[in-house]
Amino acid sequence: MSSESQPNASPHDAVKRSRFTHRQLHLLRQGSTATPLRAIAHIDLDAFYAQCEMVRLGTPRDRPLAVQQWGSLIAVNYAARPFGVTRMITAPEARKACPNIVLQHVATFREGEGGKWAYRDDSSMNISTDKVSLDPYRAESRKILKTMKEALEQWCTTESDGDTYHYTQGLSAALEKASIDEVFIDLSPLVYSVLLQRYPELRPGLQEENRDVELPPPPTTAVQWHPEDCLVDLDLHEREEDDPDWDDIVMLVGSEIVRTVRQAVWDVLHYTCSAGLARNKMLAKLGSACNKPDKQTVVRNRAVQHFLGGYRFTQIRMLGGKLGDQITSFFGTEKVSELLNVPLEQLRAKLDDHTASWLYGIIRGEDRSEVNPRTQIKSMLSAKSFRPSINTLEQAEKWLHIFAADIYGRLVEDGVLENRRRPKVITLHHRTAQTRSRQIPIPASNIIDENLLFELARTLMRQVMTDGQPWPCSNLSLSVSSFEDGVTKNKAIEGFLVRGDQAKHLNQNSRPRDSLPTLSESIPMGKKRKLEDDGIKRFFGQPARTDRTVGGPDFPSPHNSEVSGDLVPPAQVSEIVDESSAIPQYKCDRCSRSICELEREEHEDWHFAKDLEIQDRQEARDMQHQPSNPNPNASRGSASTRGRGARGGRGKPERGQMRLAF
DNA sequence: TCTTTGGCC
DNA sequence: GGGGCCAAAGA
């Protein structure tokens, strides 16, 4: 982005301006990946499993503790590390290095004791009959996520004057659970909201104003960082004495928000965590690991080059594996600083175009991957390695019982009993010399219980045995996947929301309320889920305001809403119809929609932002492809996934913008 | 549908 | 370094 590399306005300028434009600020509002003002946090629990045990057992923070799995350690708390205890060493070695250490074995299931896990004194000696359970950690993870969400919500409910409210209401932060102990948070909309409250000069001006004009400079000459913020040193040509620009202020506000989130996790649940804050996920993730434990690290835009230059690129997300090794051998270095000297053309010569341009950008600190607001789990797996290998069907079936019980218990937590969600596929993995797997559908007619899972697993096991040489078997695992929403949940949703096509046909269509599925068969399952998650989240996160029913050019018309999976609240629909004659309307010349006059400004803002995103996305497509976008359809206000061209019908509405069903 | 890869504690 | 996960791409 050229604006990022421009120096600050020089002192002789008559009127100092920011390097950033109104357009770039405005893109924060919908969490666009295109703006250099973006604020992304990565939060990582410190030695998570160890902390879980410290909390559960009530041990003091300075008491060394490690979590044991059979003879080895899988997590070591910070109090134990000065003694040389690491995950590499065995439990007896840890005891020797640190006699005072608490060595807590993970909870286990035990053969013949049903589906209940327990903490047992003798589990380390019972590797042949026990199977580890990570359930206690999953439960803590859920609590932590909930606490973080609640802390973030504090920043959404703003008591500001009506003008600011107009621009900031309904904004919230996207939270992506990256693993059992890590989350990404897109703070951009919250930061935008705070900026507009604290700096009225940033509020969108008159309609005529050119959004390419630079913002006024921040009204401060020095940023007051919190004493506990760890700041990455600035790039060589930057100086701390230089006046801050809005990207510095964005990081300041972001770090304030992150601090309250971390504080809430400590106050409520007594867990410490470390955070990284930067303009994108890649930098935030590297940042969170810089100062552990219990610290937060801020990577300002002006520090990115210096920060990344010190890394090996193999430490960057997606480059830790074979791709990173390949690149290392092609170019003879692991250092980011040296790879920076390789021109794009040379990268292209060795790597495919997508990967080459992604790599070129990523080592320069550019990463436009989105924070994917995903909370629900997509599969569940229960596994066991056998040393020595097992050799009979009887032995295998004992483990299948335990797997079935384990997974069933987790499904219950997930809501199978209430029919909220249910998996459609069950898979058995089996390892001898090679790994083989077989999968079958879970019959939709059956109620899922432990026994059904076991019988399906046994069927798969028999298939595996007739396939080839089943023994000796060194590893077995059972998993369920392809989750689908169940009857009860859809019923509940239908009370509030109907899809566009359903709204259209609501009165003609006598389809039974409890029949399934409600989503169009034309959409692959994975996409359906995301669309639905988002639709629901957005709807409930949005205060009901009938005058917010604005739309844009890419809002599918009724005929293609059929495949969009988008959701429309019926109450809204009827209210709109009722009120449309009473409220002054104007017809938007961009999209030919009738918009209520009160919403005119916002609607036009919306078109403006939309245009920018389209433009920007096009640049991004040309310039910067990721080698493997982990989730091309997950979106949060990005134009790439919204309806145009071949994928035109797949779009979903912008936050807070409801589609008319007619 | 099945296998492989990556990432993490 | 390996057991036990989870997600997604590749084939």
Side-chain angles (χ1 to χ4, degrees), chain A residues 42 44-53 66-77 86-90 93 105-109 117 124 127 130-138 140-141 176-183 285 288-289 314-326 354-355 369 372 374-387 399 402-403 406-407 410 424-431 434-441 460 463-464 467 474-483 524 526-527 529-530 626-634:
Chain A
H42 179 259
D44 191 324
L45 276 290
D46 302 316
F48 181 51
Y49 293 178
Q51 275 205 86
C52 288
E53 298 303 341
V67 180
Q68 187 180 343
Q69 176 176 288
W70 317 132
S72 50
L73 306 182
I74 56 171
V76 177
N77 77 354
T86 70
R87 293 202 319 190
M88 303 292 145
I89 70 176
T90 65
E93 286 165 348
H105 199 278
V106 294
T108 59
F109 298 101
W117 54 260
S124 68
I127 185 165
D130 286 15
K131 168 178 159 33
V132 311
S133 171
L134 301 181
D135 269 3
Y137 309 136
R138 293 191 190 98
E140 292 303 286
S141 177
E176 172 180 332
K177 180 173 179 171
S179 78
I180 196 166
D181 75 327
E182 276 176 71
V183 295
K285 164 104 189 167
S288 69
T314 48
Q315 295 172 268
I316 295 175
R317 223 163 53 115
M318 313 299 303
L319 294 175
K322 296 196 168 181
L323 177 57
D325 290 346
Q326 267 189 326
H354 280 21
T355 311
S369 59
N372 172 5
R374 165 173 53 73
T375 326
Q376 303 263 35
I377 208 152
K378 295 186 174 173
S379 69
M380 288 178 190
L381 177 146
S382 186
K384 174 76 180 176
S385 296
F386 306 115
R387 285 187 320 187
W399 290 105
I402 290 179
F403 295 161
D406 178 9
I407 289 174
R410 286 154 64 184
K424 285 192 305 188
V425 177
I426 184 165
T427 308
L428 183 76
H429 286 255
H430 170 273
R431 187 162 79 211
Q434 309 144 349
T435 304
R436 292 264 170 271
S437 71
R438 303 282 308 214
Q439 54 186 302
I440 49 175
L460 289 166
Q463 288 185 16
V464 164
D467 279 352
S474 62
N475 182 284
L476 265 186
S477 73
L478 186 69
S479 59
V480 294
S481 55
S482 297
F483 278 79
K527 292 173 185 172
R529 255 239 62 77
K530 266 172 217 114
Q626 296 190 29
S628 54
N629 186 340
N631 206 340
N633 277 304

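Quick note on labels: first sequence line is chain A, next is B, and so on, each numbered from 1. This structure is a prediction, so every number in the text was calculated from the model and none was measured.
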Could you tell me which residues satisfy side chain to side chain donor-acceptor pair (under 3.5 Å) with [X], sequence neighbours excluded, listed by chain and number?
| X | result |
| --- | --- |
| A/Asn77 | none |
| A/Gln463 | A/Arg438 |
| A/Ser385 | A/Asn475 |

OP1, OP2 of [N] versus side-chain N and O of [X]: anything below 4.0 Å?
| X | N | value |
| --- | --- | --- |
| A/Lys378 | C/dA8 | yes |
| A/Arg138 | C/dC6 | yes |
| A/Ser479 | C/dC6 | no |
| A/Ser72 | C/dG2 | no |

Discussion item. Both A/Arg410 and A/Ile74 contact DNA chain C. Which one's nearest nucleotide lies toward the 5' end?
Written reply: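 The residue mapped nearer the 5' terminus is A/Ile74.
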Open item on the list: Below 4.0 Å from chain A heavy atoms, what is the first contacting nucleotide of DNA chain B and what is the last?
Closed with: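 Boundary nucleotides touching chain A, in 5' to 3' order, are B/dT1 to B/dC9.
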Rounding to a whole Å, what distance do you find between [X]:[atom1] and [N]:[atom2]?
| X | N | atom1 | atom2 | value |
| --- | --- | --- | --- | --- |
| A/Ile402 | C/dG4 | CD1 | P | 12 Å |
| A/Phe483 | C/dA8 | CZ | C1' | 16 Å |
| A/Arg431 | C/dG2 | CZ | P | 11 Å |
| A/Tyr137 | C/dG3 | OH | P | 18 Å |
| A/Trp70 | C/dG1 | CH2 | C1' | 17 Å |
| A/Arg387 | C/dG2 | CZ | P | 9 Å |
| A/Asp406 | C/dG4 | CG | P | 11 Å |
| A/Leu381 | C/dA7 | CG | P | 10 Å |

inquiry  = For a quick test of reading the model, state the closest non-hydrogen atom pair linking A/Asp181 to A/Asp44 and the distance between them.
reply    =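 Scanning both residues completely, I find the closest heavy atoms to be OD2-OD1, 3.3 Å.
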For [X], report the nucleic acid contact type (base, sugar-phosphate, nothing); a contact means any heavy atom under 4.0 Å.
| X | result |
| --- | --- |
| A/Ile127 | nothing |
| A/Arg436 | sugar-phosphate |
| A/Asp181 | sugar-phosphate |

Going by the rule ring pair (Phe, Tyr, Trp, His ring centres under 6.0 Å), which residues pair with A/Tyr49 if we only count those two or more places apart in sequence or in a different chain?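 Only A/Tyr137 meet the ring pair (Phe, Tyr, Trp, His ring centres under 6.0 Å) criterion with A/Tyr49.
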Which residues satisfy the ring pair (Phe, Tyr, Trp, His ring centres under 6.0 Å) test with A/His105, sequence neighbours excluded?
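Counting only residues at least two positions away or on another chain, A/His105 forms a ring pair (Phe, Tyr, Trp, His ring centres under 6.0 Å) with A/Trp70.
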**Study point:** Pair A/Lys322 + A/Asp325, salt bridge at N-O below 4.0 Å
**Key:**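 No, no charged N to carboxylate O under 4.0 Å.
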